[in-house]
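All figures in this text were calculated on a predicted structure; none of them were measured in a lab.
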Amino acid sequence: QVQLVESGGGLVQAGGSLRLSCVASGGTFAYYGMGWFRQAPGTEREFVAAINWSGGTTYYADSVKGRFTISRENAKNTVYLQMNSLKPEDTAVYFCAARLGSRNWQREDEYSYWGQGTQVTVSS
């Protein structure tokens with residue numbers, strides 16, 4: 001059983017930056033692909049970014065491409081989401097998730113483990 005704990009959320013002005021972290025425990029972190037999803041009030045949870053087990057392959061939603069960067073440090077059991085040029089529409093609860101396999105990275109049901117989420121609020 002893998003436990004995931006996110007941190008790094010907060011309130012930031014539009015155009016600012018935040019870095020989210022997600023620390024994993026209870027499993028062999030390097031076995032898992034990792035993803036970030038987000039959910040704004042009144043909307044469904046959506047895919048943001050994902051990274052394969054080695055960090056060699058990354059995937060992004062079109063809405064964040066060029067602004068967000070996902071990375072991982074397997075020695076620290078941690079995945080990061082660097083968010084730059086933030087916009088008010090990026091406001092959401094951000095979740096990290098862990099999965100095995102290497103297909104359909106944007107699908108929530110491919111991920112077996114989820115964190116509790118961290119709030120990101122971008123003011124205009």
Side-chain angles (χ1 to χ4, degrees):
Q1 188 80 5
V2 176
Q3 292 83 45
L4 302 172
V5 179
E6 303 97 333
S7 62
L11 174 64
V12 64
Q13 288 188 332
S17 298
L18 282 175
R19 187 175 82 156
L20 305 183
S21 299
C22 173
V23 179
S25 61
T28 303
F29 182 67
Y31 287 173
Y32 293 90
M34 300 298 296
W36 285 96
F37 290 75
R38 67 186 181 186
Q39 187 170 21
T43 70
E44 294 186 351
R45 192 155 53 185
E46 64 175 4
F47 170 78
V48 175
I51 189 166
N52 75 334
W53 67 274
S54 68
T57 305
T58 56
Y59 308 85
Y60 295 95
D62 288 344
S63 59
V64 306
K65 205 171 291 183
R67 300 187 299 121
F68 291 11
T69 303
I70 188 171
S71 61
R72 65 189 296 161
E73 286 189 77
N74 286 349
K76 294 184 177 181
N77 290 355
T78 302
V79 62
Y80 305 98
L81 186 68
Q82 177 68 44
M83 306 186 294
N84 299 328
S85 302
L86 282 161
K87 305 175 181 181
E89 51 264 43
D90 295 316
T91 295
V93 177
Y94 283 71
F95 301 88
C96 73
R99 58 164 293 166
L100 298 173
S102 58
R103 299 175 64 180
N104 302 321
W105 289 90
Q106 299 189 19
R107 289 183 54 165
E108 284 188 50
D109 59 2
E110 294 285 347
Y111 294 78
S112 301
Y113 304 102
W114 291 82
Q116 82 290 347
T118 185
Q119 176 70 48
V120 171
T121 303
V122 184
S123 63
S124 57

Shortest non-hydrogen contact from [X] to [Y]?
X   : Y   : answer
S85 : S17 : N-OG, 4.4 Å
T43 : Q39 : O-NE2, 3.0 Å
A24 : L4  : CB-CD2, 3.5 Å

Between M83 and D90, is any pair of side-chain heavy atoms under 4.5 Å apart?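 No; the side chains remain at least 4.5 Å from each other.
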
Check whether any side-chain N or O of [X] sits under 3.5 Å from a backbone N or O of [Y] as a donor-acceptor pair, and report yes or no.
X   : Y    : answer
T91 : V122 : yes
E6  : Q116 : yes
E46 : E44  : no
N77 : F29  : no

Considering residues at least two apart in sequence or located in another chain, which fulfil the side chain to side chain contact (heavy atoms under 4.5 Å, CB included) criterion with [X]?
X    : result
T78  : S21, V23, K76, Y80
S123 : L11, Q13
V64  : R38, V48, Y60, A61, R67, F68

Residues which pass side-chain hydrogen bond (donor to acceptor under 3.5 Å, both in side chains) with R72, listed by chain and number, not counting sequence neighbours: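 Listed in chain order: N74.
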
Distance check, rounded to the nearest 0.5 Å: [X] atom [atom1] versus [Y] atom [atom2]?
X   : Y   : atom1 : atom2 : answer
S71 : M34 : OG    : CE    : 11.5 Å
W36 : L20 : CH2   : CG    : 4.5 Å
L81 : T69 : CG    : OG1   : 8.0 Å

What pairs of residues pass the disulfide bond (SG atoms under 2.5 Å apart) test when at least one of them lies in residues 73-124, not counting sequence neighbours?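 Output for this query lists C22-C96.
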
Cluster overlap V5 with L18, hydrophobic side-chain contacts below 4.5 Å: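 Per the 4.5 Å side-chain linkage, V5 and L18 are not co-clustered.
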
Considering only Ile, Leu, Val, Met, Phe, Trp and Tyr, and joining two whenever side-chain heavy atoms are under 4.5 Å apart, list the other residues clustered with V93.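 Grouped by the 4.5 Å side-chain rule, F37, F47, Y59, F95, W105, Y111, W114 form the rest of the cluster around V93.
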
Answer yes or no: is there an ion pair linking D62 with K65, defined by an N-O contact shorter than 4.0 Å?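 Yes, D62 and K65 are salt-bridged.
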
